[in-house]
*Asks:* 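The structure's right below; bear with me while I get my questions together.
Keep in mind the model is a prediction, meaning the values are calculated, not measured.
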Amino acid sequence: MGVIFSRSTEYLESYDQTEDKISDEPNGMIIKNPNIASMEDDVLYHISLSSGTQDLKEMFGDIKFVCMGGTPKRMESFARFIQKELNIKLPTGTVLEDISRHSYRYSMFKVGPVLSISHGMGIPSVSIMLHEVIKLMYHAQCKDVTFFRIGTCGGIGLPSGSLVITEEVFDGMMRTYLELHVLGKTIQRPAILDPHLAHELKSVADEKLTKYKTVLGKTMCTYDFYEGQGRLDGAFCHFEEENKIEYLQHLEEQGIVNMEMESLAFAAMCNYAGIKGAVICVTLLNRLHGDQVNVARDILEEWQHRPQELVAEFIKKKLGLE
């Protein structure tokens, strides 16, 4: 006879409501797993690092900013961009290297106090990476680290090329938590982003990046790119265009300004670990006007660079390099 799992929603963790807030502790980093401290070697398999065979504190102890985005190419580009912006010179005879290249899953680059990492596409991929990067920050004894997701999205009622700084995250059912199934039970982790960080980023954008539109708004994070986001161009579609438009207009009325597929896990995991996090995405299209991205490659690349510009300006401000 197999194990019969409960279908009811239960919390595996018993915690008070203060844990739903951003941590106020000086180091900000909370590892909620007592097993980690007793492990002689914690193999961070998907980013090709190990706490037992490598001195992670020596390698990463100065990290203050962790920046993540979907593709390896984009995050390598960001690493080279931030190296130039921070005027960081590599030692003679060395080159910028993909630290996680042997994992064949994610790419990671270190430039001074900045870590640039690809997270793949969707909640499962970003959550795997975040588990291991949060542990990396713990093993490296990093303090006061800020996490950023910089990426792309579909806008709702916004012109293409707009920057969205997420204030609140919702799933496809308009719920503000990440739902996980653990040991046959369902747990829910609040997806909360640091509001002060979001508003500080908006202030930097208003001061430094006035050539394009930047908004604070609510983001819907879906588990699927096609049906989950109401697209008409997937392999399957059981609704009409009028249904899609009606739904998107309803979301717009609720304050949803964009859709993507990672922010729910990012917000929930950063909040649970006591890490200040922000999501900044550029809109590649207005979903009220269509479903496919049909712009020239050079324009697309310029749009994708905009979240990087905002994060770079923020980092320079924090480091006193303005």
*Asks:* Determine, stepwise, if the pair Ser107 / Ser100 fulfils side chain to side chain contact (heavy atoms under 4.5 Å, CB included).
*Replies:* CA-CA 5 Å; Ser107 289; Ser100 299; 5.9 Å; no

*Asks:* Is a side-chain N or O of Asp171 found less than 3.5 angstrom from the main chain of Cys221, in a donor-acceptor match?
*Replies:* no

*Asks:* Assess, by modelled atom type and distance only, whether the side chains of Glu260 and Ser263 contain a donor and an acceptor separated by less than 3.5 Å.
*Replies:* yes

*Asks:* Is there a side chain to side chain contact (heavy atoms under 4.5 Å, CB included) between Ile123 and Met261? Walk through the geometry before answering.
*Replies:* CA-CA 6 Å; Ile123 285 175; Met261 296 188 294; 5.9 Å; no

*Asks:* Should we count OH of Tyr45 as having more than 12 external heavy atoms under 6.0 Å?
*Replies:*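 Check fails, neighbour count at 12 or below.
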
*Asks:* Run the numbers on Phe148 and Phe314 for ring pair (Phe, Tyr, Trp, His ring centres under 6.0 Å), then give the verdict.
*Replies:* CA-CA 11 Å; Phe148 299 97; Phe314 178 87; 5.5 Å; yes

*Asks:* Is the shortest side-chain N to carboxylate O distance from Arg306 to Glu302 below 4.0 Å?
*Replies:*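 Yes, charged N to carboxylate O under 4.0 Å.
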
*Asks:* Could you please spell out the steps behind the salt bridge (charged side-chain N to carboxylate O under 4.0 Å, His left out) verdict for Arg80 and Glu76?
*Replies:* CA-CA 6 Å; Arg80 297 187 185 282; Glu76 179 180 357; 3.0 Å; yes

*Asks:* Identify whether the distance between the nearest side-chain nitrogen and carboxylate oxygen of Asp62 and Lys110 falls below 4.0 Å.
*Replies:*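 Looking at Asp62 and Lys110, the cut-off is met.
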
*Asks:* Before we go on, tell me: are the rings of His139 and Phe60 under 6.0 Å apart, centre to centre?
*Replies:* no

*Asks:* Does atom CE of Met121 have more than 12 heavy-atom neighbours from other groups under 6.0 Å away?
*Replies:* no

*Asks:* Which value, rounded to the nearest 0.5 Å, describes the distance between Ser38 atom OG and Ile36 atom CD1?
*Replies:* 8.0 Å

